[in-house]
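One structure below.
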Amino acid sequence: MNVLIVGGGGREHAIAWKFSQSPKITQLYCAPGNAGIAKLATCVPIKATDLDAMVQFAVAKGIDLVFVAPDDPLALGMVDALLQAGIRAFGPSKAAARIEASKSFAKDLMRRYHIPTADYAVFESLEPALSYLCSCDLPIVIKADGLALGKGVIIAQTQLEAEQAVRDMLEGNAFGQAGSRVVIESFLTGPELTILAFADGKTVVPMVSSRDHKRAFDQDQGPNTGGMGTIAPGASLSEQDQQHMMDTIFQPTIDAMAAEGCPFKGVIYFGLMLTPTGPKVIEYNARFGDPEAQVVLPLLQTDLVEICEAVLDERLDQIEVRWQDERSACCVVLASGGYPGTYTTGHPITGLETVTKSLVFHAGTRQEGSQIVTAGGRVLGVTAVADSLDAAIDQAYQDVARIHFDQVHYRKDIGRT
Ligand code: AMP
Ligand code: GLY
């Protein structure tokens, strides 16, 4: 099979790594890819959001399966465009990807189908939003409706902060089109947990749980980022907990999407908060998380091609998805100093070849002659798999210490907070 992965970050490197183990693959392509992915796949310089060029390439190369990994091309309808051209594509349709691309769509869906989530209201104009705020308890959560790279969420501690956030989004254009509508929702408390799941429109198969560390600095301080590190499993859940989530969240979500005429096929991301009154949905994403994929995929035993085919053929209920149940994984992200704000790139990365026990997934890297250099905010993800979480964390940090680049920044407490 010829397989094309769309994207070029750490998540796509983990997907390429997993695909590369499948005996079913003859040729693996990635667009645009990065310096690490280039060791496993032929990288093609097509932007992940360039629908026309991607379809043309897939047709020209006789691609049998396209895996669309990032949110933007999914929201733009890349899967629909590929399917129209007769190419099998893994990922939700444009209509189904709204579950991530529009927070108000997701919230309205949850309300209509009684899926547990924070109470909320949606506004498109300033005055009603401001008067609603006056009736809210603090802290209060303000979210831009559209895709905002994980930065469109403000947790306001004071009325003034809340008003400012609403003004910035609705008036100030701080988030462009993504902020032309805001969701104001009540503040929930409890540990956060990510559960990714494969879904074929009807059946939903949860993966091993994981936990992201979104803040830039240790002890969950500093700004939100795309993710500074992950562990899997993310919590120890009893059979009963898992069944409860299946019955109240996972299956109802998949059923709701089908009932709305936009069945969800692909990987769905349930961002959950385990509140004192039970698990609630904080957010949905329409794809693998990054860096969640970097800890979940190394624990997956089943061939990813087999799973993708079962999803596309709507027979997920007929296969067994197996995990390394007794093992744990930890991924530590090495970022450019300054991320998620401004940072410099082009710094040579050394020590990569000295890492033998962990997997090093490249995110923002570029090949320059014989040298691999930094090329983004999140640069690398170092993933260790071991018999216990403690051992995985220790191994990941031992290997992180072998890698160097100018102004490297990473959290020292992944899996420890
Ligand atoms: P999101 O982009 O929706 O995942 O939000 C980013 C982060 O904001 C989440 O990981 C949570 O830590 C926090 N957050 C979002 N919504 C809420 C909420 N209703 N209550 C408390 N924290 C929240
Ligand atoms: N790690 C969070 C996300 O992928 O959205």
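Ligands are counted one by one from 1 in listed order, and the atoms in each one are counted from 1 as well.
Relative orientation of the Phe217 and His409 rings is perpendicular, given thresholds of 30° and 60° on the angle between their planes.
The heavy atom nearest to atom 15 (C) of ligand 1, out of those in Lys143, Arg215, Glu283, is found in Lys143. Nearest-heavy-atom check against atom 20 (N) of ligand 1 across Thr189, Leu188, Ile154 picks out Leu188.
Between the side chains of Asp290 and Gln294, at least one donor N or O lies within less than 3.5 Å of an accepting N or O. No hydrogens or angles considered: nothing links the side chains of Asp212 and Thr194 as a donor-acceptor pair under 3.5 Å. In this structure, a donor-acceptor pair under 3.5 Å is absent between the side chains of Gln398 and Asp394. No side-chain N or O of Gln251 forms a donor-acceptor pair with one of Asp247 less than 3.5 Å apart.
For ligand 1, the polar-atom distance check against Asn224 finds no nitrogen or oxygen pair separated by under 3.5 Å.
Close contacts between ligand 1 and Glu185 involve ligand atoms 16 (N), 17 (C), 18 (C), 19 (N) [criterion: under 4.0 Å to a heavy atom]. Close contacts of ligand 1 with Phe187, meaning ligand atoms under 4.0 Å from a residue heavy atom, involve 20 (N), 21 (C). Contact atoms of ligand 1 toward Glu192: 9 (C), 10 (O), 11 (C), 12 (O) (distance under 4.0 Å to a heavy atom of the residue). Residue Lys214 approaches ligand 1 through these ligand atoms, each under 4.0 Å from one of its heavy atoms: 4 (O), 10 (O).
Residue-ligand proximity: Ser186 is placed with a non-hydrogen atom under 4.0 Å from ligand 1.
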When you look at Arg416 and Asp220, which way does the salt bridge (Lys or Arg N to Asp or Glu O under 4.0 Å) test go after all the steps?
CA-CA 11 Å; Arg416 304 271 191 220; Asp220 287 333; over 6 Å; no

Yes or no on ring pair (Phe, Tyr, Trp, His ring centres under 6.0 Å) for His347 and Phe405, after CA distance, side-chain angles and deciding distance?
CA-CA 6 Å; His347 303 295; Phe405 57 86; 7.5 Å; no

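By the 6.0 Å and 45° rule, Arg98 stacks over the aromatic ring of Phe105.
Within a 6.0 Å radius of CG in Asp119, other residues, nucleotides and ligands contribute 12 heavy atoms or fewer. For Glu239, the CD atom is loosely surrounded, since the number of other residues' heavy atoms within 6.0 Å does not exceed 12.
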Distances for all N or O pairs of ligand 2 and the protein under 3.5 Å?
from     : atom 1 : to     : atom 2 : distance (Å)
ligand 2 : 1 (N)  : Asp212 : OD2    : 2.8
ligand 2 : 1 (N)  : Gly226 : O      : 3.3
ligand 2 : 1 (N)  : Asp290 : O      : 3.0
ligand 2 : 1 (N)  : Glu292 : OE1    : 2.8
ligand 2 : 1 (N)  : Glu292 : OE2    : 3.3
ligand 2 : 4 (O)  : Arg287 : NH1    : 3.0
ligand 2 : 4 (O)  : Asp290 : N      : 3.0
ligand 2 : 5 (O)  : Asn285 : ND2    : 3.1
ligand 2 : 5 (O)  : Arg287 : NH2    : 2.9

